[in-house]
S.K.: 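After the structure tokens below, expect a handful of questions from me.
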Protein chains: 2
Amino acid sequence: MKTTGRRRAEHDEEGAQSRILHAAEELFANSGIDGTSVRQIAEKADVPVGLINYYFGSKEGLYRAIFQARAPVVVEERRVGLAMAAMEDDPRRRLEMIVKAILVPMLNLRSREGINHFSLLLARETGDPRSTERGILQEMFDPIAREIIGQLKLIWPQRSDAEVHWAYQMIIGVMIFIMADGGRITRLSEGRADPENVDDTLRIVVPLLLNGLASG
Amino acid sequence: MKTTGRRRAEHDEEGAQSRILHAAEELFANSGIDGTSVRQIAEKADVPVGLINYYFGSKEGLYRAIFQARAPVVVEERRVGLAMAAMEDDPRRRLEMIVKAILVPMLNLRSREGINHFSLLLARETGDPRSTERGILQEMFDPIAREIIGQLKLIWPQRSDAEVHWAYQMIIGVMIFIMADGGRITRLSEGRADPENVDDTLRIVVPLLLNGLASG
DNA sequence: CATTAATTTGAACAAGTGATCAATCATGTT
DNA sequence: AACATGATTGATCACTTGTTCAAATTAATG
């Protein structure tokens with residue numbers, strides 16, 4: 001058989017392959033791909049070093065595997081939210097639903113089971129110039145990005161392409177920044193603004209995005 | 001004497017110390033502090049490896065030195081812009097001037113003389129969880145951040161602290177995201193949105209921030 | 001010129017890097 | 001039991017890492 005292996009019983013009820021993925025996700029998120037060694041990952045996952053290359057081929061292979069495991073979930077949630085938005089008639093409501101379709105799947109990751117680290121990792125990858133060479137974001141996120149931008153164009157037929165694209169990038173930028181925050185927001189606000197609190201964050205940030213800074 | 005040294009004449013009319021700073025800035029921006037080796041820096045700056053530790057003590061010392069050279073310039077420009085904004089009576093105009101005081105000093109770096117790399121570097125540092133340990137951002141940017149937030153509170157006396165802080169973070173988030181972009185914005189928009197073009201970017205992004213996505 | 005101090009140089013060091021691989025182990029199948 | 005198959009192990013490889021340092025070089029001073 002291929003699926004079971006040595007019928008997992010010796011460790012924390014979690015297969016070695018999965019333990020490696022989780023350990024790597026956390027370490028990569030906190031220290032980046034260059035700041036993390038395979039030996040650190042092996043130690044955290046409690047596996048011998050060799051096993052990492054056995055399963056994932058290389059360090060970068062492991063890096064990609066994390067995205068291949070996580071990205072489709074986020075993308076699918078976004079696609080669902082986008083489809084629901086498309087059924088809404090009122091353009092104002094439709095816009096709000098699109099914005100939430102972008103933000104919610106990622107913000108939820110921050111407070112869900114041990115998955116908090118992927119949002120950090122994705123933010124890191126987005127800010128890395130060498131991300132282009134790896135092509136992970138192109139491959140996994142460009143398609144849904146184009147779908148969203150297409151929907152935005154339907155809402156704003158009178159706006160230029162540049163304006164629509166900048167509006168989209170502004171939403172993504174705010175999301176990434178919230179995801180990537182390692183405590184600075186909480187520190188500066190002395191706890192009054194806290195990204196961990198998804199409900200409060202959405203309640204304040206979504207209107208800010210929709211209405212801008214000037215109004216309300 | 002301590003200032004002159006060997007009266008610079010042998011290389012590109014630029015002192016070794018300065019060449020190291022410039023080379024390191026570019027490499028750190030593109031590959032991060034962990035993805036860059038002191039030997040790469042030494043080669044790019046055309047100096048022997050030992051000289052880097054002689055001048056800057058350590059790799060991290062060099063990293064800090066870059067911020068110590070650049071940050072005060074940006075902070076001072078922001079302070080000037082903020083002071084000008086404080087003299088404006090109309091709250092709407094004052095808000096716009098504050099937003100520009102935040103954005104313009106950094107966006108200009110992208111298109112000025114070879115300094116483009118610092119904006120990338122700052123974006124990277126902002127997104128790095130280990131940035132807290134280094135304390136560079138606390139030390140150099142928290143003061144001006146508090147000043148700006150104070151000004152925003154004067155504009156919005158009726159808003160909660162959390163709302164004001166989130167509004168500030170939203171401005172910073174958009175700025176960082178634009179600075180950090182390594183081509184994804186241009187690629188997705190097929191050139192119609194281009195962060196290199198500061199004037200167009202400001203013309204579109206500032207109203208988007210001020211008026212939000214819904215209006216205009 | 002002699003002295004002193006600052007700078008420059010590249011070799012050397014210990015520790016760590018990602019990757020490889022023969023050997024061992026566990027398991028299910030015949 | 002015998003075999004096959006995939007999983008596991010840790011020693012080992014060739015390099016690279018940041019840092020140190022004695023020696024060489026250069027410049028300023030008396």
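Excluded from the calculations below are hydrogen atoms, water molecules and symmetry mates; all remaining heavy atoms, backbone and side chain alike, are included. A note on names: the letters A, B, ... follow the listed sequences, proteins ahead of strands, and every chain is numbered from 1.
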S.K.: In whole angstrom, give the distance that lies between atom NZ of A/K59 and atom P of C/dG16.
M.R.: 15 Å

S.K.: Nearest to the B/S58 side chain among D/dT8, D/dT19, C/dT8, which nucleotide is it?
M.R.: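 Nearest to the side-chain atoms of B/S58, counting from C-beta on, is D/dT19.
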
S.K.: Mapping B/G50 and A/I33 to their closest nucleotides on DNA chain C, which lands nearer the 5' end?
M.R.: B/G50

S.K.: To the nearest Å, give me how far apart CD (A/E60) and P (C/dT17) are.
M.R.: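 Distance, rounded to whole Å: 18 Å.
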
S.K.: Are the aromatic rings of A/F67 and A/F118 close, with centres under 6.0 Å apart?
M.R.: yes

S.K.: Check this one for me: any side-chain N or O of B/Y54 less than 4.0 Å away from OP1 or OP2 of D/dC21?
M.R.: no

S.K.: Could you state the atom-to-atom distance from CG of B/D46 to C1' of C/dG10 in whole Å?
M.R.: 14 Å

S.K.: Tell me whether B/E125 is salt-bridged to B/R134, with the criterion being a basic N under 4.0 Å from an acidic carboxylate O.
M.R.: yes

S.K.: Check whether any side-chain N or O of A/N53 sits under 4.0 Å from OP1 or OP2 of C/dT20, and answer yes or no.
M.R.: no

S.K.: Taking CG from A/L51 and P from D/dG10, how many angstroms apart are they, rounded to a whole number?
M.R.: 11 Å

S.K.: Looking only at side-chain atoms of A/S37, point me to the closest of C/dG18, D/dG18, D/dG10.
M.R.: C/dG18

S.K.: Measure from the ring center of B/F177 to the ring center of A/F177 and say whether it is less than 6.0 Å.
M.R.: no

S.K.: Expressed as a whole number of angstroms, how long is the span from A/L62:CG to C/dA19:P?
M.R.: 10 Å

S.K.: Do the charged groups of A/R187 and A/D194 touch, with an N to O distance under 4.0 Å?
M.R.: no

S.K.: In this structure, how many angstroms lie between the P atom of C/dT9 and the CD1 atom of B/I20, rounded?
M.R.: 10 Å

S.K.: Measure from CD on A/Q40 to C1' on C/dA19 and round the result to the nearest Å.
M.R.: 17 Å

S.K.: Among D/dA7, D/dT9, D/dT17, which nucleotide has an atom closest to any side-chain atom of A/P48?
M.R.: D/dT9

S.K.: Look at all strands and tell whether B/Y55 reaches a base, only sugar-phosphate, or nothing, counting heavy atoms closer than 4.0 Å.
M.R.: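 Result for B/Y55 = sugar-phosphate.
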
S.K.: So does A/R39 reach the base of C/dG16 with its side chain, donor to acceptor, closer than 3.5 Å?
M.R.: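 Checked by distance alone, the answer is no.
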
S.K.: Salt bridge or not between A/D142 and A/R146? Use side-chain N to carboxylate O under 4.0 Å.
M.R.: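 Yes, charged N to carboxylate O under 4.0 Å.
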
S.K.: CZ of B/F56 versus P of D/dG18: gap in Å, rounded?
M.R.: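 My rounded result for the distance is 15 Å.
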
